[in-house]
Amino acid sequence: MLFKYEVEGGNFSKAGFASGEIKKILKQINIDAKIIRRVVVALYEGEVNVVAHAVRGTVVADIDDKQIYIRIEDEGPGIKDIALAMKEGYSTASEKVREMGFGAGMGLANIKKNADWLNLSSKVGEGTVLEMKTFF
Amino acid sequence: MKVCDMMQQLDMKLFSGASGIEKEITGGYSSDLLSDVMGNAEEGQVWITLQTHKNIMAVASLKEVSAIVLVKNLQPEDDVREISNEEGIPILGTAMDAFTVAGKIYAMLK
């Protein structure tokens, strides 16, 4: 099953829409609640990254009986140093974003912790692609 | 302890999400960093925070916390109350700061 959602850069009020929808779908197909929570934590953080840093993005989720594969692709500034971005506590978020309680440099670390497989690639000035898999 | 018991004993205000006040509280988590809550809060815990914007409901709902407690007389924005009602996750208010209210809830759960 393939699902697609749009994510709007800068619009925090819509952050969490895709994760909410995916949560409903996984519940309907009786995936274990702990696994659902891991998936949605990772996806929510991915959505927030697009909202906080990019112009726009898309979330594509592919669900079968063994796994969920999620691809979050955005048009945005990209990530110059991926290893540094993965480091807990490192963030380039704006002051406004930090005031909301985001941008503490925990997002990618949370994603890594909650996904079974992760791939992050980026082109500076073009955008970022985050792929992750969680096995059921 | 249920959400409504905590509400009564600590004289908290109920802003929204009344349908969830019978939920059982399994513990608590106090943090204003949303990623910290996403990473570390557990299902059924009451979440103590000073954040009042819409994203607290996304976090609360995805993590399935039992209730949100807003400290220092802070109030949720209108759109936040709406989602809280839809999701049945109560948003409560207290005049206490996070340290004090966390201490009281901790003692009640012991």
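Values in this document were obtained by computation on a predicted structure and should not be read as measured data. Protein chains get the first letters and strands the later ones, always in sequence-line order, with residue 1 at the start of each.
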Between A:N110 and B:S35, is there a donor-acceptor pair closer than 3.5 Å when you use the side chain of the first and the backbone of the second?
yes

Are [X] and [Y] linked, directly or through other ILVMFWY residues, by side chains that come within less than 4.5 angstrom of each other?
X: A:L120; Y: A:V124; result: no
X: A:I25; Y: A:V39; result: yes
X: B:Y106; Y: B:I25; result: no
X: A:F3; Y: A:I70; result: yes

Item checked: Side chain to side chain, A:V40 and B:M38, heavy atoms closer than 4.5 Å -> no

Other residues, nucleotides, ligands: >12 heavy atoms within 6.0 Å of [X] [atom1]:
X: A:F17; atom1: CZ; answer: no
X: A:K112; atom1: NZ; answer: no
X: A:K133; atom1: NZ; answer: yes

Could you tell me the separation between the [atom1] atom of [X] and the [atom2] atom of [Y], rounded to the nearest 0.5 Å?
X: B:E42; Y: A:R37; atom1: CD; atom2: CZ; value: 8.0 Å
X: B:L34; Y: A:Y44; atom1: CG; atom2: OH; value: 5.5 Å
X: A:E47; Y: B:N55; atom1: CD; atom2: CG; value: 10.0 Å

Okay, B:D32 and chain A: the region with an atom under 4.5 Å from a heavy atom over there is backbone

Bottom line for B:D79: the part with an atom under 4.5 Å from chain A's heavy atoms is neither

All heavy atoms of B:A58 vs all of A:A15, minimum pair found to be CB-O, 4.0 Å

Counting heavy-atom pairs under 4.5 Å with chain B, the top scorer among A:M100, A:R38, A:K14, A:M106 is A:M100

Q. Can we say A:K23 and B:E87 salt-bridge, meaning some charged N sits less than 4.0 Å from an Asp/Glu carboxylate O?
A. no

